[in-house]
Amino acid sequence: MRVREGFTAVARYPIGIGLVVLVLFLLDRSLPGFWLTLFLLFGINTILAVSLNITNGWANLFSIGHGGIMLAGGYAAALFTLPVFFKVDIIGLHLPGWILNVQIPFLPALLLGGVVGSIVGILLALPALRLRGIYFILVTLGFNLIMVSIAENLPNYTNGAMGLRQFPLYTNVWWVWGIAFLVIYIALRLRKSYIGRAFIAIGRDQELAEHMGINLLKYKIYAFGLSTFFTAIGGILWVHLILNLFPNAFSLALVFHVVTMIVIGGMGSVSGAVIGAAIITGFTEVLAPIEEGFQVFGVQVPHLFGLTTLLLAVVLILILILRPQGIMGEGEFSLQGLRKRLSRSKAE
Amino acid sequence: MTYFIQQMLNGVCWGSILAMLGAGYTMTFGIIGLVNFAHGEIFMAGAFAAYFALHVAGLPFGVAAVLGILGAIAIGLLVERIAFRPVRGSGMITLFITSFAASIGIRTLFVMLFTDRAKPFSMPAFLKGAYLIGDLFIFKKTIAVVIVLVVVGALLMYLVKKTKTGIAMRAMSYDSETAQSMGINTEKIIIITFIIASALAGVAAIMWGVSYGRIRSSMGMMPVVDAFIASVIGGLGNVFGAIVGGLILGIGETLFVAYLPPELIGLRTLFVWIVLFIIIIVKPSGLFRANVK
Amino acid sequence: MSTELLLELSEVTAGYGKMPVLHGVSIKCHRGEIVTLLGANGVGKTTTLRTILGQLKPRDGEIKFNGADITRLPPHKTAALGVAHSPEGRNIFGNLTVIENLRAGAHLLKTRKELKEHLDRVYSMFPRLKERRTQIAGSLSGGEQQMLAMGRALMSNPRLMLLDEPSLGLAPQLVKLVADTLTEVNRTGTSVLLVEQNARLALEISRYGYVMEKGAIALEGNAKELGANEQVKKVYLGIA
Amino acid sequence: MKRLGFLLLVFVMAGSVALFGADKEPIRIGMIASITGDAAEMGIEFMESVLVAVDLINSRGGIHGYPLSVSIVDGQSDPAAFALKAHRLIDNIKVIAGFGACDISFATAAGEVFQAKKTVFTDIAGTTPTIPLVGDYMFMTPIPDNDQGRAVAMYINDVLGYKKTTIFKDIASAYGTKLTEYYIHFLKEFSDDPNPVPLVVTYETFDEDFSPQLTRIKAQAEKLGLEAIVLPTWPRDAPTIAVQARALGIDLAFIGTDGVDTTALIDVGGDSVEGMVYATHYDPSIPGQPQICLDYVEEFRARYDYDPGAFGTMAYDSLMIMVEAVKAVIDEKGEAWWDSAGLADKRTATRDKVATMTFQWTSQAFSFTPEGWPRRALVWRVVENGERVFYDFQSYEDYTPEGVETLPFK
């Protein structure tokens, strides 16, 4: 078996783990607010992209409904992490007492939200898994809109369109990147395991996979359950970073961004998903000064708001034209491969 | 009874526009397998072209309508050129993403150029007013919209069913390679398909402007989802199905708002999608057999 | 018999991706001839036809049709020059009716009169198609689909017809019909390049034949000579 | 074309800024608005308005000779972008104060960041009353929904005299839902009628066809005795609803709230909105306005060829709040202090001024309550001959009389 280095190496060696922790610690201490928030959003997007990759990249269950999952998980966790006085006195939710009058710490809330997301995901998956291609996409798209509609129409439980505020700021580098590395590690291990290979087999050729004795429904549900669990957690992390939750928080645009991450990174590649997350997270924010107008040699370049979004669309199309398989293709980043490539280029 | 008929008329008007959008949407899907998210922006561009002709240049309505359709075709061909042709054959997902990117790009460009403020789209004098039968208002614009739908729909069906180009389109949708060996120029057929689909979006845009009196840079965002639904109800790739699907959707949504308690109107989205899910799961091919694909 | 050269492949090399399939294939087909391309499964017969059609771009070599270079012409332009194709596995348009399939085959015809003429000709060759003309082609039987595929190819009144395994999986009387039709078509001026596993039938109706092995022409000669060749007898005609 | 001219103007204007006052460090203030995305409709007016106001201030010598520099960033109608840009304004651009946003989720996303960094932030057009709960550095410029709901209910009941009204409720917008809720609550209280709003029709943001709802209103208007339709909507919806209502032969009066006060009301509404009375925050003809505000309106008209509506003036007010607060800080502590003080001190001093002072350069004099809500008058305008003109005026004391329930939350 080929040994994959890169991410797994980090998990394998205590020194690697120590180094990562040290780097995170230094980043946490030294990064200014903007870059820290961007770094956190990058981490959250990594979680979202890697978990979406399980369904969309491997099992070929192309979902654009993960926004609805984030919403479900986000609300489930939010109802427990919000301060009691906010739930009771300020917005007056009509919830049973055991929800209304408690505030729980972050970890149980994360797990709870993850489980709720997973359950909702599997409920969606059951009818949707019979469908393929465009119909699956359509059903998941509808699921997204349905979840928004439900959140809007249950003001007693969700505060409707007004949304929820006053979250404690739980999300930090440790939560985000701890979970991000966990997701990456799980994904890489999964890829080599029987379950992961079953996902990929289903994605490649469903009939063949069935002939090989893979229980389609079971593995599709595994894929969806796992993917939605971490997607929901990603949503909860987002909520406790931006401190806002409202029905339209995870709109189609956000889902589209996550889908874009895995497509330009390379569908099916975990490291591709991470690279995609980095590009999409950073792109509009890092380039933002361009559209805000600036001075060059005393000449003021005017505002051109929207330019970065336009550029992102153009770059996206260009990447898909020039490298349709994405940056990483289906492969993974590995130190060995890099070393090989470097030595080859030296030899030449 | 008057109330019911009045609401039906509202539904038919809304449904006709969705039908027109859905028909164009379903054509690009049926013939070249493209889930064209940018269809909404093609539609929007048509509305803007007509708006500029009508309100800025002060041209007569007929000319503005033609220019609107031409505007939609221009953006449609642009989408084909930048987001479809270079990635053709790379699978549905890639096409889906490029069309979404094109959609966002074009929308952002329009917001940058013309802002997202609502702009007026005034009705020509001959469409203003209504025939009053008892308490029932039958708007001239509704009549016009329905006539346009029927005429354009019939032309479209004739084109797809009877003409050489239509047969070539359908042959191509089934097996592009074999179609080519019959001497069918698939490049040309794709362009023609885009032109027709965009023209339909342009017609829908004019119908929209006349019916609802306002246009915006982001007006294409939501209707494209409705068009998608309409074409799935009718069976993706089926022009006639998409028209029926659009009418069903429009009338259904309208009656939902008309008869349910107002507190439940917000659940309209839920209702539409649940109906759609049932259709997809029970009869995935939609209500009608595909006749383009 | 005229000796005017209609189709000429010289040293054509082609393949899919990095895998070459054809290695320097040269084939000639004269006007009014039926030429057979024999070979086992997977030696590159279908690839040869696809290369001629332009569905596959050759990496090397030249293809000439009626004196013009068609090496890199896209399929629809090759078709416009008068090359028709009746593909393997029938590949009829299953979503269209029989008559619509035929009309698709007649895409290059300009006038309704021509269309009518050719339609009548095809119907007279295959009366079965006339009976079923409004039926959806996907619901036809295998033999009918084969007739339709041939009829569709004939609709454009081609100069050259590329036929891929027309007898595959057909009942004996249908094979006979196919053979008769081919002879008939050939008599009315259409040349045929026939790819066939049924070597006996193929050599019976054709004038010249090629035997392909591993992507290259291993043997060629008059049909009669080939039929008499020991190796061909052994391998393709099943005569020990 | 207008847009192109506008861009050119920005060039020219920028040149003039470059020439001016090089010796003093500019006073930096940040604005975050949704200039693209779903809420772009309002963000663009914020930007136009602020560009005018900044020119105006700088052409008058800035703030005590310090040039004013407003960094405008685009929140892209996405709360995460709002939070990120807030960080950038604070850390990278080092603003003294910030303002922006048009909705509670955007306002609080940015506001939480400003609060954490102890920098004052005022929300331009988000009206949900819970916005200032973010903390003591958070304020809101427009009248919150509870106050507006009360004022509108009071005005309809006492002055306009409509007994039964119906209301269009946008269930996908915090503004529409909250305002509807408060309006009905207070109308019940003022009118002694248990059911003054017998019909509430709902729709969703992005709906285009309102004819089913309107047909419903029309069918029941007589039976329920409806006299007016209240439209607490986003700017684009009210005129569209009016056009479709008139086409259906509905002749009920329209009453708008501050969300409808944009140029789209006239542009799209045309004849149909004629006679529509609506609540807003500003009209040029209300008495006692500062000269700078009148100049601003004039300049705005000259530049963009329409009147600044509620959104434009709220952006202007938000900017002026910050400008005046900074000016007051310099007045009090002196330029020497300002030049030498640390950023954190300047920010805190500015916040303290914002919280306590009464603003004079804003479109009307007002101050903030301890909670962060404005005590400002509600202005009523009417559409007359295709123009938005002054109709009436409700002072803060008028609509908040002694003993009235203010109903801040829930």
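Sequence lines set the chain letters: A, B, ... in the order given, protein chains first and strands last, and positions in each chain run from 1.
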Contact summary for [X] and [Y], nearest pair of heavy atoms:
X	Y	result
B:Met92	A:Ile134	CE-N, 3.8 Å
B:Ile281	A:Pro127	CD1-CB, 3.6 Å
A:Ser149	B:Leu267	OG-CA, 4.1 Å
B:Val232	A:Tyr135	CG1-CE2, 3.9 Å
A:Ala313	B:Ala101	CB-O, 3.3 Å

Side chain, backbone, both or neither: which part of [X] has an atom under 4.5 Å from a heavy atom of chain A?
X	answer
B:Phe96	side chain
B:Val225	side chain
B:Leu276	side chain
B:Ile93	side chain

Please look at [X] and chain B and tell me whether the side chain, the backbone, both or neither of the residue comes under 4.5 angstrom of a heavy atom of that chain.
X	answer
A:Val139	both
A:Ile137	side chain
A:Phe62	side chain
A:Ile150	side chain
A:Met147	neither

Does atom CZ of A:Arg323 have more than 12 heavy-atom neighbours, drawn from other residues, nucleotides or ligands, at distances under 6.0 Å?
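Result for CZ/A:Arg323: enclosed.
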Within 6.0 Å of CZ in B:Phe52, more than 12 heavy atoms from elsewhere
yes
Pair B:Trp273, A:Phe143 - check side-chain contact (heavy atoms from CB on, under 4.5 Å), show working.
CA-CA 8 Å; B:Trp273 283 99; A:Phe143 171 74; over 6 Å; no
Mind checking whether A:Phe256 and B:Phe100 have parallel, tilted or perpendicular rings, split at 30° and 60°?
parallel
Nearest 0.5 Å please: distance from the CD atom of A:Glu291 over to the CE atom of B:Met112.
7.5 Å
Distance check, rounded to the nearest 0.5 Å: A:Leu312 atom CG versus B:Thr108 atom OG1?
9.5 Å
Looking at A:Leu310, A:Leu131, A:Leu138, which has the largest count of heavy-atom pairs under 4.5 Å with chain B?
A:Leu138
Heavy-atom pairs under 4.5 Å with chain B: which of A:Ile64, A:Asn153, A:Ile321 has the most?
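Option with the greatest count: A:Asn153.
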Step-by-step side-chain contact (heavy atoms from CB on, under 4.5 Å) determination, B:Phe228 to A:Leu141
CA-CA 11 Å; B:Phe228 195 176; A:Leu141 166 72; 4.2 Å; yes
Please evaluate residues A:Ile146 and B:Phe277 with respect to the criterion side-chain contact (heavy atoms from CB on, under 4.5 Å), reporting the C-alpha separation (whole Å), side-chain torsions for both, the decisive distance (0.1 Å), and the verdict.
CA-CA 11 Å; A:Ile146 283 183; B:Phe277 287 180; 3.9 Å; yes
